[in-house]
Structure formats: C-alpha cells, structure tokens
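Each remark here refers to the structure printed beneath this line.
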Amino acid sequence: MFIDLELAGGDVAIDADLCVIGAGAAGITIAREFAESSTKVCVLESGGSELELETQDLCAGRNIGHPYMDLDIARFRLFGGSTSFWGGACGWLSKIAFEERPWVPHSGWPISKEDLDQFQQRAARFLQLGAPLFDERVWGELGIEPLALDGTKLHDCFYQFSRDFWGPLYIGKRERDRFEKSANVQVVLHANVVNIQSSENAAVVERVDARTLRGIECTVKARVYVLACGGIDNARILLYSDNVEPHGLGNRYDLVGRFFMNHPNAHCATLARQGIGDFVGRYTKQGAADGTWYQGYLCLADGIQGRERVLNAAARMVYSTTPDSGMTAARRLWHKLRKGEVPDDLGTMLWRIARDIDEVAYNAYRQFVEKKAAVPSVGSVYLVSETEQAPNPNSRVVLSRQRDALGLPQADLDWQLTDLDKRTIVVLAKTVGSELARLNVARMQIDDWLLSDDGAWPPDAGRHHHHMGTTRMADDPKNGVVNRNCRVHGIDNLYVAGSSVFPTSGDTTPTLTIVALALRLADHFRNEHLL
Amino acid sequence: MSRAAGEEQNTSMISIRTSIGQRQVGRRQFLLSAFFSVVLACTWFRWRRAQVWTPVGGTQPCDLETGLGRLFGDHQALLALGGRYLESFPEEADYRRLSTALVGPSWTGQVEDLRCRLADARSQDFSHDDVLVLDGWVMARTEGRVGALMMMMSDRRHVH
C-alpha cells in the first residue's frame with residue numbers, strides 16, 4: 001500500500017521487519033522480493049509518484065571538481081528513481097572488472113564474478129531482458145556474421161535494452177500496482193530521511209527519522225535497514241547522520257563518500273563516411289527474432305589492458321541526424337505521446353513527418369516489423385568511449401555548508417579524473433582505429449583532445465547518471481564501507497544497496513548489476529534468517 | 001543411287017560418338033563447328049583473363065612513381081598525410097631509403113607486384129602494432145610512407 005506522508009494529518013510511527021530507504025531500482029527490487037510474504041516491509045521514498053520540482057530541489061549541490069551536470073538533474077526523487085528516465089541499456093561486468101589488477105590501485109571486489117553470475121538470470125527477468133547474452137554469441141541471434149576482430153585486442157560486447165512496447169521500462173510504473181495491492185509492503189511517499197539513529201556505541205541502528213517538506217514526521221523502527229538512495233545520497237545520508245559518530249555513520253576510516261566513480265564517456269573519434277554503410281548498420285541498436293533489442297560495442301580485450309596497463313574500455317558508435325528532419329520529429333512525437341502530452345509545435349512536427357514520409361515510413365517498417373534500428377539520414381558518425389574510471393580516493397562526495405529546505409547539508413561533488421582515465425581512452429581509440437583500418441571497415445580520425453598531453457578533458461565528458469563507489473565493498477573496514485554482504489562495517493543491521501557499493505565501475509551500465517546485487521542481498525537476509 | 005556415289009557420300013560423313021549413341025555429321029559441318037568452338041573458347045578465355053587476371057595498371061614494367069600513381073591516383077589527402085609523415089619522421093625524408101623501405105631492392109617494376117608488396121607490408125604493420133596517428137588519422141606505417149614518397153615525388157615534379 002502507498003501512504004503519502006504529506007497527507008497523513010499528523011506524525012507517523014511505523015514498526016517493520018525491513019526498512020528500505022529509497023525506491024529506485026535497488027530498493028524496489030529488495031522490497032519486491034518480500035512482497036506477499038510474512039515480512040513487514042516499509043519503504044521510505046523522498047519523492048512522490050511523479051517528479052516534483054520542490055522535491056527535486058533537495059538534490060541541489062555544487063560540482064567542485066570535474067565539470068558535470070547540475071546535481072539536481074543528476075538523479076531523480078520519485079517512486080522508481082532514476083529508472084523513470086533512463087534509456088534501458090543493460091550490460092554485464094566482465095571478469096577482469098572483479099579482479100585485483102596491479103596497475104589499477106584499489107581494484108578488486110571481495111566477491112567473484114561467479115558469485116554474481118548466479119543472480120544474472122533473475123535480474124534479467126526482473127528487467128524484462130532476453131536470455132543473458134552480452135557477448136559475441138549475440139551475432140548469432142541477430143543473424144549477422146561478426147567482424148574478424150583480433151581477439152587479443154578487441155572483442156564485441158552488447159547491451160540489451162530493458163523495455164516495453166513504448167520504450168525503456170519504467171520500473172516504478174510497472175511495480176506500482178503490485179505494491180498498491182501488497183498487504184505487507186508499505187511505501188511511504190514524501191518521506192525524506194533526516195537521520196539514521198544508531199545506538200550509543202553505533203553498533204546497531206535503532207530507528208530512522210523522516211520528514212516531509214511541510215514538517216510532518218515519520219519514525220520507522222525495524223530489525224534490518226537498507227540504504228538504497230544512489231551513489232550520492234547514500235554517502236550524504238551516512239555523513240549527516242552524525243549525532244553519535246561525529247564523522248558520520250560507518251565512517252570510522254574516512255571512506256564514506258570517497259572513490260566516487262562515473263563513466264567518463266566522451267566523443268573520441270570521427271569516422272570517414274566513405275564505405276562505412278555496413279559498419280553503421282552492424283553496431284546500431286537492433287532487434288533479434290525473440291524481440292530482444294541489442295546494441296553492440298567494441299571492448300578492449302583483457303590482454304591489451306594488461307599490456308598497456310589501462311582500464312576496461314569500450315567504444316560505441318553514434319551518429320548525428322538533422323534536427324529538422326522528419327525522423328527527429330517522429331521520435332519527439334512518439335516520446336510526447338508516450339507521456340500523454342501534446343507537443344506545442346505539433347503542426348510543424350506533422351509537416352516535417354509528411355515532408356520526409358518516405359524515410360519515416362521505411363524506418364517505422366524497420367523498427368516495428370523487422371525489429372531493426374531506424375537508419376535515418378546520417379550526418380556524421382562518431383565513436384564515443386565508455387570507460388571504467390580508476391578508483392580514486394580523492395574523487396568524492398562531501399557535505400556542503402549550504403543547507404537544503406529541510407535544513408540538511410547539501411552534497412557537493414568533487415569528481416576527479418586521472419591520467420590513467422585519459423590514457424585508457426587514447427589506447428581504446430588507437431586500437432579501434434587500427435582494427436577498423438586493418439579490416440578495411442572504416443577510417444577513423446581521433447579527436448584533438450586525446451592527442452594532447454595536457455590532461456584536458458572536453459567539458460561535456462561524463463554525461464552519465466552512474467554514481468558508484470561512495471560506500472565501496474571490501475572485507476577490510478580500512479578499505480571499504482560495507483563488507484561482502486553489503487553490511488556496513490561495525491553496524492549489525494545496516495546494509496547498503498545500489499552502485500555505491502561497487503569497488504570498481506567496469507565499462508558498462510550499472511543497472512543490471514545493481515538489481516543482481518539487490519537480489520543477492522535479499523537472499524542473504526533469507527538465508528541468514530535475518531528476516 | 002549407284003554404289004560408287006553412295007560410298008563417296010559415306011566417306012564425307014564423320015561418326016561422332018555421343019552419350020546417347022552415335023551421330024553422323026558432315027565433315028565440313030564438323031570442322032566449322034570445331035573452328036568456331038575454338039574461337040569462342042579463346043574469346044571467353046581472354047575475356048575472363050581480362051576480368052580476373054589482368055594485373056593492376058597493365059603489364060608493362062614501369063618506374064615506382066608511375067606505379068604508385070596508377071595505384072593511388074592523384075590523391076590529395078594521401079599527399080597531405082605524406083607531408084605530415086615527413087614532418088613527424090624527418091629522418092625518413094630520403095627518396096632512396098623510403099622507396100627501398102617500401103618495395104625492397106628487387107622490385108619487378110610490375111604494378112601488380114607493387115600492390116601485393118604494399119598490401120603485405122601494411123598487413124605486417126598491423127600485426128606488429130606499427131600503427132601511426134597523423135593528424136588524428138589512424139594508419140599503418142606503410143600507408144604513411146606511401147604518402148611521404150608520393151609527396152616527395154610531387155615536390156620533385158614541381159621543382160623540375
């Protein structure tokens with residue numbers, strides 16, 4: 001059931017077995033695992049069912065390091081979290097991402113890839129993906145002969161797309177009904193957590209305090225607490241819950257908020273247009289016969305990562321289209337209709353679609369009948385890097401002196417990138433360019449910023465909403481905030497879910513891994529009889 | 001018909017064994033058929049040879065400058081990259097050294113041979129990671145050297 005705290009009429013006290021803070025991908029996954037069970041679950045969500053400006057303002061903060069998007073649009077406070085606005089791309093971490101690599105300081109997970117592979121199929125089902133295929137086997141599903149890549153340098157990897165008929169799957173919308181009808185799961189909306197109260201010795205959490213923007217309070221007492229608010233807010237909440245431990249909860253070794261990682265994706269090369277047709281079609285988004293949508297990209301092989309001492313890296317192909325084309329108008333119209341909105345410039349859109357009806361009709365046939373990606377008139381074709389960021393303790397989330405509308409310290413983001421991050425992209429660009437030239441597939445011109453040694457990055461590098469590492473996982477509390485079961489070191493009943501526990505980021509999107517880790521945590525609660 | 005005329009008629013026929021038995025054809029008819037078959041076969045053979053086996057740039061031996069010109073034409077982009085190659089590797093700005101590096105000391109003068117040698121060298125470059133980045137363009141060293149040599153040839157033409 002849903003409770004809107006703003007409409008509660010008075011302060012609320014809730015007793016539960018499990019308290020989940022945050023209703024994004026991780027929080028919803030864990031709560032869903034206990035729906036229709038005897039476990040009493042309380043989910044606290046800062047936002048409502050839709051995006052609200054006033055609540056979004058609680059995400060405000062400053063970027064004090066590498067340029068990044070404004071923090072109040074970097075994550076989303078509503079039931080469903082950032083998966084209410086995502087593109088649906090799901091990848092799976094490679095084996096090397098879990099391993100300790102001598103050339104990558106602070107690398108290595110306390111769990112193995114095999115530990116997480118057990119949850120891959122369940123996570124894929126949750127996200128409505130196809131069979132868990134993310135490697136060269138996908139070419140067989142698509143009926144396409146792969147390029148004869150040198151496997152010691154590059155190999156193919158694939159995203160799958162979590163989607164429904166309209167487009168990317170919005171998890172909150174899908175799960176709303178289930179939680180509405182659930183007898184044992186209470187979702188409390190507009191409940192902003194203002195404090196996690198621990199015992200005097202900070203060994204257990206005793207309660208969680210929440211408050212609405214209008215001042216209505218809610219207290220939750222549970223046996224087990226899970227913090228699932230994303231990479232920035234997980235750290236922020238632990239840091240400002242400081243009335244027992246002055247440096248914040250779980251922060252005895254000054255690790256909370258450190259090792260912030262994003263994927264510093266950047267435009268890295270332009271492809272010569274002549275003779276490129278097959279390459280464009282090969283690596284665009286396309287559907288297989290079973291309805292699964294894939295997009296291929298080129299990944300650095302493990303061997304070359306070791307030889308060149310660089311990170312995981314992948315390159316995907318994007319192309320630009322004319323902004324006033326019929327295809328651009330058709331896409332915009334589709335997205336508006338999906339939200340139930342009528343665009344202001346409907347007439348202009350319809351005219352452009354009519355003017356380019358041949359291209360629009362052909363691509364509609366391709367997309368809905370042949371299950372292939374649209375191929376509109378292409379302007380330029382680019383390579384964009386999707387690379388792992390090196391774990392860096394100086395890249396961090398800190399509490400600001402500025403306060404939000406609840407009187408809580410905002411989060412400032414000091415995102416730091418290193419030479420290793422840039423050098424990885426240089427190696428990626430040269431390797432991809434070399435292979436494409438060797439195979440006579442395409443000619444590539446690397447961007448100027450990669451050819452200079454000044455350490456500069458383009459201002460728009462890193463536009464992803466992938467916030468990782470700020471409560472990283474490690475067996476030793478001196479190296480991590482949570483242990484291998486995502487329990488906060490030193491606190492018996494506080495756990496963290498989401499990408500903030502990632503010790504390394506890999507080169508792929510985090511959502512599938514987030515869901516797999518959440519399922520693993522739910523199983524841990526059951527197996528250890530904690531719930 | 002008299003027996004002599006009949007015998008004369010019989011000797012002008014040739015018996016040809018076919019898969020369905022024997023067939024009688026006139027000698028003239030046979031010779032004409034055979035002649036035209038040979039002519040057709042030779043014509044087809046020459047046509048096919050022209051399609052598949054004609055060496056790039058003809059069969060007459062030529063000098064290196066002519067050979068590269070026939071392979072790459074007046075390729076402005078290649079000349080520009082060649083200029084950049086010489087700026088980056090000034091120690092290779094020697095005509096004899098560069099041409100030897102590309103085709104070796106015993107080039108036959110055949111353009112097809114040149115094409116094969118360059119293709120092999122290019123392939124070797126990629127295998128050994130001898131890959132350059134010139135003005136951002138990723139290429140094999142051989143490609144850079146070809147551009148450099150053509151650039152030097154172009155300069156010599158303009159000087160002379």
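Each chain gets a letter, A, B and so on, in the order its sequence line appears, and its residues count up from 1. Computation of the quantities below employed the complete heavy-atom set of this structure, encompassing side-chain atoms and omitting hydrogens, waters and symmetry-equivalent molecules. This structure is a prediction, so every number in the text was calculated from the model and none was measured.
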Subject >> Closest non-hydrogen atom pair, A:Y297 against A:Y283 >> reply: N-CD2, 3.9 Å
Subject >> Which atom of A:S505 lies closest to which atom of A:Q389, heavy atoms considered >> reply: OG-N, 3.1 Å
Subject >> Note: A:D453-A:K422 ion pair, threshold 4.0 Å (strictly below) >> reply: no
Subject >> Nearest heavy-atom neighbours spanning B:V131 and B:V138 >> reply: CG1-CG1, 3.6 Å
**OP:** Using a heavy-atom cutoff of under 4.5 Å, enumerate the residues of residues 117-128 of chain B that contact chain A, numbered in order, or state 'none'.
**Re:** B:R122, B:F126
Subject >> Exercise: identify the closest heavy-atom pair between A:C299 and A:D507 >> reply: SG-OD2, 4.3 Å
Original post:
Which pairs with one or both residues in residues 302-313 of chain A pass salt bridge (charged side-chain N to carboxylate O under 4.0 Å, His left out), sequence neighbours excluded?
Top reply: none
